[in-house]
Amino acid sequence: MDLRFTDDEIAFRREVRDFLRASVPAAIRAKMIEGRKIDRDELTAWTRTLHARGWAVPHWPVEWGGTGWDPIRRMIFRDEIQSFPAPETLSFGTAMVGPVIYTFGSQAQKQRFLPRIADLTDWWCQGFSEPGAGSDLASLKTRAVRDGDHWVVNGQKAWTTLGQHADWIFVLARTDPKAKPQEGISFLLVDMKSPGVTLVPTRTIDGGWEINEVFFDDVRVPAENLVGEENKGWDYAKFLLTNERNGQARVGISKARLKRIRELADFPPDGAVAPLRNPAFRRRLVELEVEMRALEMTQLRVIAAERGDGKPDPASSILKIRGSELMQASSELLMDVMGPAAAIAHGDDGDDGVDWTRGGAATYFNLRKLSIYGGSNEIQRSIIAKAILGL
Amino acid sequence: MNFDLSEEQRLLADSLAKWAARSYDFDRRQKICATPEGRSPAVWAELADLGLTGLPFAEADGGYGGGPVETMIVMEAIGRALVTEPWLDAVVFTGALLRHGADSERRAALVPAIAAGELLLVAAIGEPQARWTLADVATRATPIAGGWRLDGVKTLVPHGAAADRFVVSARTGGDRTSPIGIGLFLVDRTAPGVSVVSHETHDGGRVADVRLDEVTVAAEAVIGDPARGLPILERATDETIAAISAEAVGIMDEALKTTVEYLKTRVQFGRAIGSFQVLQHRAADMFVAVEQARSMALWATMSVGEEDVVTRRKAMAAAKIQVAKSARFVGQQAIQLHGGIAMTWEYKVGHLFKRLTMIDKRFGDLDHHLDWLAATDGLVGAA
């Protein structure tokens, strides 16, 4: 047992950090720190920078642009990106549909889609949840009916994040209504420009416009856009969701936020008495720091176990639960550091002179989503109870 | 980086599990707790045969050269079985005092006897007013011809009535809380002027008040510099916090396992109560709490050898904080999910809960470590 990083790993961390220092535009970093949104052009440009360095999709197979890093290096890389902070690549493509395609897709699908996901030529979004199918995802009603060499899709998807920018959407649709719910679902790749696709934005409590409803009205999808086998979509979706959970510890982001909290609490830009001089505040802060360290160690344990057999550990549910809770708690503390000025609802753009409080309360409001999506934390508890404890 | 145990370490864990299953079941443990001593010299001899009493000492001193990971393995097993023998105090803590404070001559005189299981040497460092402040020492050490005279009262001395000798902290200079002027002295329990009053503790062990009235010791009885004993005490405390955190993880793991087993077998409303979601989610929260504590116990174990005092102490404080929170939750919920049966003296879970509760009272509780850590520049940025 040895929890120290090797000299090679330490050198690798330095290499990543040097690259980030040299490559992340200052304006992007400032936006990340303040919790402002990165727009499509900015993320595309940044993804191209990563891609040119060969680091856009480190976890993919080498033949599709992966780096061949072991899980520790991938963790170091993610940690450095998050704590810099720099934007992560678009997860819907690189972390969700990409792995489904290279694992279950046809050779033609791999060649057609993977390179365009890697450099963000195609922006992907997720068509899983529906108004009537949230935690009970398998009850989804969107239908796909075979008609010659096409599937005809009808139905409605909900909570589609960043769908407003999307070129493609991956969709779970019911292809066998007579089978058990989990056994009649297929995984389809749908061009957002197809006739019959309509996108309607949903405004969220933070005032932002990041989620949408997507309506499908007799949308014709070429049969070749079915991933894997017909009616096996649920297996691919479970694979995708487990991968998604693994990325949700977000230790680097929480670490960067805790660092910012400590700085602002020490020297609040408004000249107020430093919150850090308040023992109750200091105590809240170190309690979160301890949780952060425990989560970081648990993440290392999950990654080390992953190195054994390559399968995601059910303990990844811990990462989802504690990761989301820590993100929420740290955003709460950051809002509290800002004091009464946290009340001002800033837009995403413009400079109204009180920039340091921008994104404070809004981020706190926005991050309530973390314990809801990707399998709510209650679903994660049920996974632990069943898969780990055998209840 | 890897979390795998070596072959030897796995063997150690296996042999301890076998020993506990064979000769330290809960019935025997309860019988031992009910004796006046609250421990068993026969069990201590078995631990010595397993090589445990000499484990953390250097081979050159007569030990087996075990490190923090070996200590962690032993403490987890001790936790699971609720062993009341003073391995933590008489081997881990005292061992650290000797390793970091005693010269080779002193070690050569003491370690072989400890390793053989023949010498029970425990630290007498507590005082009523000090709580967990190691520097708060009112017991006085006055220089006399050829040695020292000790006067004062030490409290909560682990298994003090059974110990052969004590390492007593006493003030050689400075005022009551001064960090300088604390010496460490070897004192025989049977020396003239030493009186011992033993108390039972809630976790089945024993502690003693040790009164020192004009006790004289020779100059050779001092461990280290007679004015600079505090850093040695602090170092030993840090190492013992890592060990006791591992013990707590062993206990929590056992409590969770027992609780899950009970949820699967206890039938109410015509079905196993583990089929109720509210109880499933509580058990899942217990699992998360145990794993978070395990992560921090591992971090503490890996930080035992850290030479930078502040970095090391931050790791220990953080571990103790996480363990305290997890232990309180897991212990309370283990009782709650069992229901009435766990309230009975005959059932193991209540005793797991009590030991977890008492672990928080040792080497600084949740508030103590939170206050200390809050006064530092924190953990972020500290690699």
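Below, read A as the first sequence line, B as the second, and so on, with proteins coming before strands; counting in each chain starts at 1.
Taking the side chain as every heavy atom from C-beta outward, B/Leu379 and A/Val286 never approach each other to under 4.5 Å. Using a 4.5 Å cut-off on side-chain heavy atoms (C-beta onward), A/Arg283 and B/Asp367 make contact. For the pair B/Phe287/A/Ile318, a side-chain contact is recorded, criterion being any heavy-atom separation below 4.5 Å from C-beta on. Counting heavy atoms from C-beta outward, A/Val290 and B/Lys325 have side chains that stay 4.5 Å or more apart. The closest side-chain heavy-atom distance from B/Met302 to A/Met1 is below 4.5 Å.
Heavy atoms of other residues, nucleotides or ligands lying less than 6.0 angstrom from OH of B/Tyr64 number 12 at most. Annotation: A/Glu15, atom CD; neighbour count of heavy atoms from other residues, nucleotides and ligands within 6.0 Å is above 12. Shown here is A/Asp7, whose CG atom has no more than 12 heavy atoms of other residues, nucleotides or ligands within 6.0 Å. Within a 6.0 Å sphere centred on CZ of B/Arg131, other residues, nucleotides and ligands contribute 12 heavy atoms or fewer.
Between B/Leu370 and A/Glu287, the shortest heavy-atom distance links the atoms CD2-CG, 3.5 Å. Taking every heavy atom of both residues into account, A/Met297 and B/Ser295 meet most closely at CB-CB, 3.5 Å. Taking both residues in full, the closest heavy atoms of A/Leu258 and B/Val380 are given as CB-CG2, 3.7 Å, listed atom of the first, atom of the second, then distance. Minimum interatomic distance between B/Ala283 and A/Leu391 (heavy atoms only, all atoms of both residues): CB-CD1, 3.9 Å.
Highest contact tally toward chain A, considering only B/Thr301, B/Leu298, B/Leu279, B/Leu256, is held by B/Leu298 [criterion: heavy-atom pairs under 4.5 Å]. Most heavy-atom pairs under 4.5 Å with chain A, from the set B/Ala315, B/Ala319, B/Ser6, B/Ala375: that is B/Ala375. Of the listed residues (A/Glu378, A/Met292, A/Arg4, A/Glu296), the one with the most heavy-atom contacts under 4.5 Å to chain B is A/Glu378. Interface summary for chain A: among B/Gly274, B/Ala284, B/Ala374, the most heavy-atom pairs under 4.5 angstrom belong to B/Ala374. Comparing A/Thr6, A/Leu295, A/Ile321 by how many heavy-atom pairs each has under 4.5 Å with chain B, the most go to A/Leu295. Of the residues considered (A/Ser83, A/Gly390, A/Pro279, A/Ala256), A/Gly390 shows the highest number of contacts with chain B, using heavy-atom pairs under 4.5 Å.
The contact between A/Leu300 and chain B is made by backbone and side chain atoms together, counting heavy-atom distances below 4.5 Å. Interface remark: B/Ala272 contributes no atoms to any contact with chain A (heavy atom separation under 4.5 Å). In this structure, no portion of B/Ser275 lies under 4.5 Å from any heavy atom of chain A. Contact annotation for B/Met72: only side-chain heavy atoms (C-beta onward) come within less than 4.5 Å of a heavy atom of chain A. Proximity to chain B is limited to the side chain of A/Arg262, based on heavy atoms less than 4.5 angstrom apart. Neither the backbone nor the side chain of B/Lys257 comes within contact range of chain A; no heavy atom of the residue lies under 4.5 Å from a heavy atom of that chain. Contacts between B/Arg294 and chain A at a heavy-atom distance below 4.5 Å involve backbone atoms as well as side-chain atoms.
Here CD of B/Gln292 is found 4.0 Å from OG1 of A/Thr298. Values are rounded to the nearest 0.5 Å. Annotation: the span from B/Asp285 atom CG to A/Ile384 atom CD1 amounts to 8.0 Å, rounded to 0.5 Å. To the nearest 0.5 angstrom, A/Arg293 atom CZ is 9.5 Å from B/Lys314 atom NZ.
Here the side chain of B/Gln280 pairs no donor or acceptor atom with the backbone of A/Ala385 at under 3.5 angstrom. Distance alone, capped at 3.5 Å, places no donor-acceptor pair between the A/Arg381 side chain and the B/Gln277 backbone.
Of the charged side-chain nitrogens involved, none lies within less than 4.0 Å of a carboxylate oxygen, so that A/Arg282 and B/Asp377 do not count as a salt-bridged pair.
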